[in-house]
Structure formats: structure tokens, C-alpha cells
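Structure first, commentary second.
Because the structure is a prediction, the values reported are computed rather than measured. Computation of the quantities below employed the complete heavy-atom set of this structure, encompassing side-chain atoms and omitting hydrogens, waters and symmetry-equivalent molecules.
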2 protein chains.
Amino acid sequence: MADTLNERSQNILEAIVEDYIASAEPVGSRAISRKHNLNLSPASVRNVMADLEEMGLLCSPHTSSGRIPTRQGFQYYIDTLLEVRNLNRNEKQNLRNSYRFKNMRMEDIMQEVGRVLSGLSQYTGLVMAPKFISTVFRQIEFIRLSQRRLLVIYVSESGLVQNKVIEADPTLTAQDLEQVSNYLNSELNGLSIQEVRIKLKRELQEDRIRYDQLKKHALKLSSAALQDEVEDLLYVSGASLMLGQPEFSTPEQMRRLIKTFESKKILIELLDRGQSAQGVQIFIGSESSHIDLEGCSLITSNFSNQKGAIGTLGVIGPVRMNYSQVVPIVDFTAQLISRVLDREVEKK
Amino acid sequence: MADTLNERSQNILEAIVEDYIASAEPVGSRAISRKHNLNLSPASVRNVMADLEEMGLLCSPHTSSGRIPTRQGFQYYIDTLLEVRNLNRNEKQNLRNSYRFKNMRMEDIMQEVGRVLSGLSQYTGLVMAPKFISTVFRQIEFIRLSQRRLLVIYVSESGLVQNKVIEADPTLTAQDLEQVSNYLNSELNGLSIQEVRIKLKRELQEDRIRYDQLKKHALKLSSAALQDEVEDLLYVSGASLMLGQPEFSTPEQMRRLIKTFESKKILIELLDRGQSAQGVQIFIGSESSHIDLEGCSLITSNFSNQKGAIGTLGVIGPVRMNYSQVVPIVDFTAQLISRVLDREVEKK
DNA sequence: AATTAGCACTCACCATCATCGAGTGCTAAC
DNA sequence: GTTAGCACTCGATGATGGTGAGTGCTAATT
């Protein structure tokens with residue numbers, strides 16, 4: 001159905017969407033016929049608009065006002081009409097220069113990326129660090145906190161540091177712990193957590209038979225340390241910029257939005273959904289299902305290092321977002337970060 | 001001047017402040033003379049009110065409306081009239097039960113505390129972790145990320161993990177690094193970062209003469225690792241609750257508030273100011289100097305472990321905050337966390 | 001001398017009402 | 001097929017007036 005739009009209708013839809021993106025206000029036939037040199041009278045434009053409304057791509061807030069694109073209208077625009085220009089050399093260089101990654105911790109890089117995304121787009125920047133389970137093991141350390149509590153520090157290939165407290169046999173000495181970590185560090189190096197878990201599980205079963213005290217401790221501690229899921233790391237930057245958007249101007253909407261951003265849970269769910277795909281993805285409004293994010297659009301792209309640890313970054317803004325501007329920024333940033341991650345691990 | 005208030009004036013001021021805290025609306029003479037059984041007619045109350053206004057403790061938004069307390073009015077209320085009741089046994093137990101600290105990382109504890117503070121007070125909870133410089137050294141590890149980049153992981157006595165990337169001599173081998181960290185771990189154990197820095201500085205000078213390769217590396221790496229200030233860790237919880245307060249109901253105020261919370265810088269400055277004091281502190285509105293926090297009050301208390309690492313927690317809300325409810329919560333929580341921190345380190 | 005009843009006055013708040021204008025749909029003319 | 005013309009819709013804006021909570025002042029009361 002949507003593909004059967006003739007060229008004129010497409011042009012007019014495009015014009016309306018773009019005007020609406022710029023103004024956040026209903027677009028009238030007069031404005032379209034004047035600004036975009038389609039050489040059509042307002043009346044003709046009105047006829048087309050009526051058709052587009054019939055098709056569900058436009059709607060009018062009330063009988064005698066201009067049209068605004070519906071969700072489907074935006075969807076059609078994004079799927080069919082949106083031309084994403086690539087950044088030119090200059091813009092790419094500028095974007096590169098926005099970042100200062102020198103001697104930054106992984107966490108700082110993520111946060112910085114969020115800040116820059118938000119700053120450039122003037123919407124809210126999101127960065128989700130690679131999931132624990134997808135990271136590659138580099139090193140593990142055990143530090144005794146108290147009699148029965150151990151602090152486990154885990155470092156991934158890309159330098160992401162995570163820590164966790166586990167309970168442990170109080171009879172283990174510092175030497176034992178050091179031996180255990182040495183053993184694990186040589187044994188698990190280069191495996192993804194997923195692989196590590198499988199390996200641990202297998203060896204735990206085998207080892208019921210053999211009786212190697214050290215190995216037993218090692219397996220027990222490491223499986224306790226690496227077992228549970230670690231909370232996802234999500235960085236949200238520039239939430240206040242969303243409050244400047246006219247679509248979220250009522251106190252109630254503001255509250256809801258900030259609350260949603262604060263809990264992070266819904267955002268993480270949403271970002272997770274895009275993890276399997278490649279390239280830039282766009283989720284629109286309540287198509288992205290959650291009521292609390294109604295009126296929002298999300299532009300995301302995954303980044304990854306060569307070892308396959310996948311993170312996601314993106315921008316969340318009103319559905320009436322400037323896609324043609326934001327999409328290439330998100331796209332290029334994801335590529336940039338992928339390269340940075342690999343550079344961080346560069347061996348020797 | 002303020003102390004010269006006679007009892008009647010004090011009673012009326014107190015009644016007005018408390019009514020205003022409850023309603024967020026100007027308080028009239030009628031309401032006061034009825035609700036609080038002072039046995040005074042509205043007219044008499046009005047006379048007192050006029051006096052209090054003269055003194056700068058009250059003001060009226062317009063000629064014919066009730067009075068609201070000024071900043072000075074609140075200040076007087078807090079300094080002189082506020083009676084902070086202690087929590088009874090039940091309430092203390094409830095508060096203790098709100099927390100589940102079992103096997104939590106330091107970071108999680110801080111975040112949890114913020115959440116609970118926010119939940120109980122219905123305002124915004126703040127928790128600032130002890131400053132890096134005030135923490136006590138427990139362990140340091142070096143992990144090579146790339147040729148010239150080392151990841152330093154530092155663990156404090158209380159289990160706070162911080163990490164940092166430094167540049168380092170590419171010729172150092174893994175063995176070297178291990179020796180270095182072993183050396184440092186035995187050498188610096190139990191010192192505060194401040195003491196560590198002094199020690200390092202002194203030894204670096206001495207060692208220009210001697211020629212111990214290992215020690216030289218150790219000193220160089222550790223001073224690089226522990227030199228700079230690490231960004232303060234501040235956890236902000238329940239920012240969206242502030243948006244429900246009538247004093248921040250305009251979009252502009254909301255934006256500004258969220259922006260201020262987001263950048264954290266101003267909050268950290270403010271919390272820093274209270275670090276030297278003991279017990280609960282209250283900062284009111286723009287007395288706390290920053291324009292962006294106008295209309296806000298901050299109730300804080302420091303927590304610390306026996307080693308002297310000091311963190312700050314508190315609640316930020318509108319000036320019209322329910323002090324008598326929030327102060328004891330903040331107070332007791334700070335005591336609770338201090339005890340938890342010491343329990344975390346409990347030796348053996 | 002302190003308290004209070006009485007009263008005129010103020011002013012935010014709310015609902016009503018008229019006006020205005022941008023925009024529409026429809027019809028008839030081009 | 002396109003467009004000029006026109007009646008109509010409806011949100012936004014602003015003026016108007018009534019209502020009521022609250023005040024300050026004065027004079028009467030205790």
C-alpha cells in the first residue's frame with residue numbers, strides 16, 4: 001500500500017514531515033505550496049493531504065488545523081523518503097576531534113561518547129557498554145574483604161573493569177587466592193565469558209572424580225564470580241534536553257520521561273532489542289512498545305570490537321526528530337568507537 | 001534580633017511554617033487561628049503576622065493573600081523552632097530492614113542508600129562516596145592494556161574499587177608488574193592515600209641516589225597511579241520526585257533542576273562544604289549560593305569508617321521540605337552506613 | 001492596654017463571551 | 001486535472017465580570 005504512493009504524494013509527505021520536524025506545529029497546505037516549489041496550489045495540496053490522511057499517514061489535531069504526520073507517516077518517511085547523507089571528510093574529522101580518549105578508562109569513554117552524542121544532536125545520548133557475558137576474559141583477582149567475603153575484580157579484554165562480592169570459604173589463605181587467580185588467568189585467557197562458563201561447568205563435573213585441591217577452589221570461586229548476570233551499564237546524557245522539546249512540555253510528561261530515564265530498565269530493554277542487527281536502527285514511539293516512551297524515537301547502532309563484545313549507542317529524542325542529521329552521527333560514532341575499542345586492546 | 005521573638009510570635013511562625021510545608025500555599029490568619037488552638041482571633045494573628053513580615057520572616061505574594069515564610073523564616077524555624085524527634089525503635093528497625101547490603105559492592109550500597117533515602121523522603125536522595133584521597137590503601141594491581149598503556153586497579157580498605165589508565169614504560173614485563181604490585185601492596189598497606197602520596201614523594205627523592213630497579217619502577221608507577229584526583233562518585237536518586245513539587249512546576253524550572261542534577265558538579269561542591277562538620281547539616285535555598293538550586297534545601301550528614309574515610313549522604317528537596325521527618329532519617333542512615341562500612345572491613 | 005468584631009478593599013482565579021485568523025472541505029469555474 | 005472562491009471550524013487571545021479568601025484599619029469590647 002505504502003509503496004503505491006505516487007511521486008507527488010511522496011513529495012508532499014516529505015515536505016510535511018520536514019516542516020513538522022522543523023516547527024513542531026501542524027503544517028498547512030499554504031505553507032507547503034509556497035515553500036517547497038512544487039508549483040501546486042494550496043487546494044491541490046489539500047486534496048493530496050486528504051488522501052494521505054485517508055491512508056493513515058497524516059492526521060489533523062482538529063478539523064481546521066494543518067496536518068501532522070502519524071507514526072505511520074514517520075515510519076514511511078524513514079523507510080522510503082529519508083536520504084541519509086554521509087558525513088563529509090570535514091564533519092568526520094570534527095566528530096573525531098570531539099573525543100579525547102587518551103588514557104581514558106572504558107567507563108569514561110562510554111560517558112564521554114554519551115555526552116558528545118547528546119551535545120551534537122541536542123537530544124539525549126545513550127551508551128550501553130558491552131554485556132558482561134559477551135566480553136572476553138582477560139584477568140581476575142580476588143581480594144579478601146572480611147572473613148567470608150571476597151571481592152572479585154574482573155577485567156575484560158577491552159579494559160572494562162567489573163567487581164562483585166562473593167562469599168567464600170574462610171579457610172582460604174592469601175596464597176591460595178593468588179594461586180587460584182594465577183591458575184584462572186592462564187587458563188581462561190582469551191575466552192568469552194560465555195565460553196568460560198561452559199568450560200567451568202564441564203570441568204566442575206569432571207573434577208568430582210579427581211582431587212586437585214587448588215583446581216577445585218579455583219573452579220568454585222570463579223564459577224561463583226562469573227555466574228550471575230552483572231547489571232548492564234547504561235550511560236544517559238543530556239536528559240534535560242528532552243525537557244526542552246515541545247512534545248514533552250507538560251509537567252506530567254516531563255516527570256514520566258525523567259523517571260523512565262532514571263530507572264534505565266526500559267531503555268536497556270529497548271537497546272537490547274537492537275543488539276542482533278547491524279547498522280543504524282530506528283525505533284519509533286510506541287512501536288517501541290513502552291507507554292512511558294510514547295512520543296520518543298530511538299536511533300541506535302551497535303559497536304563491537306573484533307572479539308565480538310557488542311555494545312550499543314544511540315540518541316533518544318522526540319518522534320519529530322531530525323533523523324537526517326542524527327542518523328549519520330550515530331552511525332559514524334559507532335564505527336569510531338569500534339575502532340577505538342580495538343585500538344585499546346592492540347597487543348604487545 | 002531573631003531571638004527576641006516572644007512566645008506567641010514563635011508559635012504563630014511555627015504554625016505558619018508547618019502549614020506551608022504541608023500545603024505549599026500561602027497561609028491565612030483564619031486558618032492559623034482555627035487549626036492551632038492558640039485561642040486567638042484572626043485579627044490578633046494578623047497583627048503578629050504583620051510584625052513577622054516587618055522582621056523579614058514572612059512575606060505575602062500579593063496584597064491580599066496569606067503569608068509564606070521567607071528564607072529567613074525557614075532559617076529561624078530550623079534554628080530555633082524545629083524539634084527533631086528521634087526515631088523510635090520500630091522506625092529504626094524498619095529503616096534497617098529497608099536495606100539489603102548482603103554481598104553488595106560498595107557502589108551498590110551507595111546507590112541503594114540513595115534509593116532508600118529518596119523513597120522514604122519522597123525527595124531526591126544523594127550519596128557521595130568517600131573521596132579517593134581519604135580512603136585507605138588496601139591493594140593495587142596493574143594490567144597491561146596495550147604497549148604503552150596500563151590499567152591500574154586500586155582497592156580501598158572499605159572495598160571501593162577504582163581504576164585508571166596510565167602510560168608506562170613498554171619494556172616492563174608481566175613479571176615486573178607483578179613484583180611491583182607485590183612490593184607496593186606490602187609497603188603501602190593500611191596507609192591513607194594522602195599518607196601514601198607523602199611517602200612516595202619522599203622515597204622518590206631518596207631513590208635518586210640509590211639504584212634499585214624494582215623499587216624505582218614501583219615508585220614511578222604508583223605515583224602516576226595515585227597522583228591525580230579521581231572524579232567524585234555521586235549517586236542521585238529520585239530526581240523525578242522533585243518535578244512533582246509545586247515549586248518546580250514550570251518547564252523552565254524543571255529543566256534547570258534536572259540539568260543541575262545531571263551535571264553533578266554543583267551538588268558535589270555543595271556536599272563538599274559540609275564534609276568538615278559533624279551531624280546533620282541543613283543548607284537552605286540560595287544561601288547554598290547556587291542560582292540553579294534556588295528554592296532547594298539540602299539536608300546532609302557525613303558517614304565515615306573508623307579509618308576516617310568520609311562520605312556524605314543526604315536529601316535535596318524544596319525549601320518547603322518536611323524537615324522534622326527527613327532530618328532523623330538522614331541522621332540515622334548516616335550512622336547506619338558508618339557501621340556497615342566498618343563491618344565490611346572487619347578483619348580476619 | 002490588649003483583643004477582637006466589623007468593614008472596605010485587594011487581587012488571584014475562574015468562567016463567559018466575542019473576536020480573529022489560519023486552515024479546511026466542497027463546489028464550480030478554468 | 002487544477003484552482004479560485006467561499007462558508008465553515010475551532011483554537012488562541014483578550015476583555016469582562018463575579019467570587020472568595022485574605023488583608024489592613026478602626027472602633028468597640030474586655
Side-chain angles (χ1 to χ4, degrees), chain A residues 4-13 15-17 19-20 22-70 73 246-247 249-251, chain B residues 4-13 15-17 19-20 22-70 73 246-247 249-251:
Chain A
T4 65
L5 281 191
N6 60 36
E7 201 182 327
R8 173 191 292 181
S9 308
Q10 291 201 349
N11 286 337
I12 288 179
L13 178 58
I16 291 173
V17 171
D19 265 31
Y20 182 66
S23 71
E25 264 162 28
V27 182
S29 56
R30 232 181 102 87
I32 295 301
S33 97
R34 246 189 304 118
K35 268 193 267 178
H36 308 262
N37 41 3
L38 306 161
N39 289 330
L40 284 178
S41 73
S44 306
V45 174
R46 279 204 290 280
N47 288 331
V48 177
M49 280 170 140
D51 296 346
L52 292 171
E53 181 161 8
E54 184 98 4
M55 283 185 253
L57 300 174
L58 298 179
C59 66
S60 41
H62 54 89
T63 341
S64 71
S65 78
R67 302 302 208 295
I68 62 180
T70 61
E247 24 271 284
S249 60
T250 76
Chain B
T4 64
L5 280 192
N6 60 37
E7 201 183 326
R8 171 189 293 182
S9 307
Q10 290 200 350
N11 286 337
I12 289 180
L13 178 58
I16 291 173
V17 171
D19 265 31
Y20 183 65
S23 72
E25 264 162 28
V27 182
S29 56
R30 232 181 102 86
I32 295 300
S33 95
R34 246 188 304 120
K35 268 192 272 180
H36 309 261
N37 41 4
L38 306 160
N39 289 330
L40 284 177
S41 73
S44 306
V45 175
R46 279 204 289 280
N47 287 330
V48 177
M49 281 169 140
D51 296 347
L52 292 171
E53 180 160 8
E54 184 98 5
M55 284 184 249
L57 300 175
L58 297 179
C59 67
S60 42
H62 55 89
T63 341
S64 71
S65 78
R67 304 299 210 295
I68 63 180
T70 61
E247 25 270 285
S249 61
T250 75

### Query
Distance-only, no hydrogens or angles: does the B:Ser29 side chain make a donor-acceptor pair with backbone N or O of B:Val45 under 3.5 Å?
no
### Task
Can you tell me the distance, in whole Å, between the CE atom of A:Met49 and the C1' atom of C:dC26?
17 Å
### Task
Take B:Asn47 and B:Ser44, measure what side-chain hydrogen bond (donor to acceptor under 3.5 Å, both in side chains) needs, and give me the verdict at the end.
CA-CA 5 Å; B:Asn47 287 330; B:Ser44 306; 5.3 Å; no
### Message
For B:Leu57, is there any backbone N or O sitting under 3.5 Å from a side-chain donor or acceptor partner on B:Thr70?
### Response
yes
### Message
Checking side chain to side chain contact (heavy atoms under 4.5 Å, CB included) between B:Ile12 and each of B:Val17, B:Asp51, B:Val48, which is the one that passes?
### Response
B:Val48
### Summary
A:Ile16 atom CD1 is separated from C:dT24 atom C1', nearest whole Å, by 13 Å
### Message
Need one value for A:Ser29: base, sugar-phosphate or nothing, where a base atom within 4.0 Å counts as base even if backbone is also close, heavy atoms only.
### Response
sugar-phosphate
### Query
Between A:Arg30 (CZ) and C:dG25 (C1'), how many Å, whole number?
17 Å
### Query
Rounding to a whole Å, what distance do you find between B:Arg67:CZ and D:dT23:C1'?
7 Å
### Message
Using 0.5 Å steps for rounding, measure from the CG atom of A:Leu58 to the CD1 atom of A:Ile16.
### Response
4.5 Å
### Task
Establish, with yes or no, whether the OP1 or OP2 oxygen of D:dT2 is under 4.0 angstrom from a side-chain nitrogen or oxygen of A:Arg8.
yes
#### Entry: Side-chain heavy atoms of B:Ile32 within contact of B:Leu40, under 4.5 Å
no
### Task
Determine the contact category for B:Ser44: base if any of its heavy atoms lies under 4.0 Å from a base atom, sugar-phosphate if only primed atoms, P, OP1 or OP2 are that close, otherwise nothing.
base
#### Entry: Between C1' of C:dT4 and CG of B:Leu40, the distance in whole Å
10 Å
### Summary
Output for pair (A:Arg46 CZ, A:Arg67 CZ), nearest 0.5 Å, gives 9.5 Å
### Query
A:Glu53 has an atom CD; how far is it from atom P of C:dG25, in whole Å?
7 Å
### Task
For A:Asp51 and D:dT2, give me the distance from atom CG to atom C1', rounded to whole Å.
14 Å
### Query
How does each nucleotide of nucleotides 7-19 of chain C score, in 5' to 3' order, for protein heavy atoms under 4.0 Å: base (B), sugar-phosphate only (S), or none (-)?
---BBS-------
### Query
What integer distance in Å separates B:Arg34:CZ from D:dA21:P?
10 Å
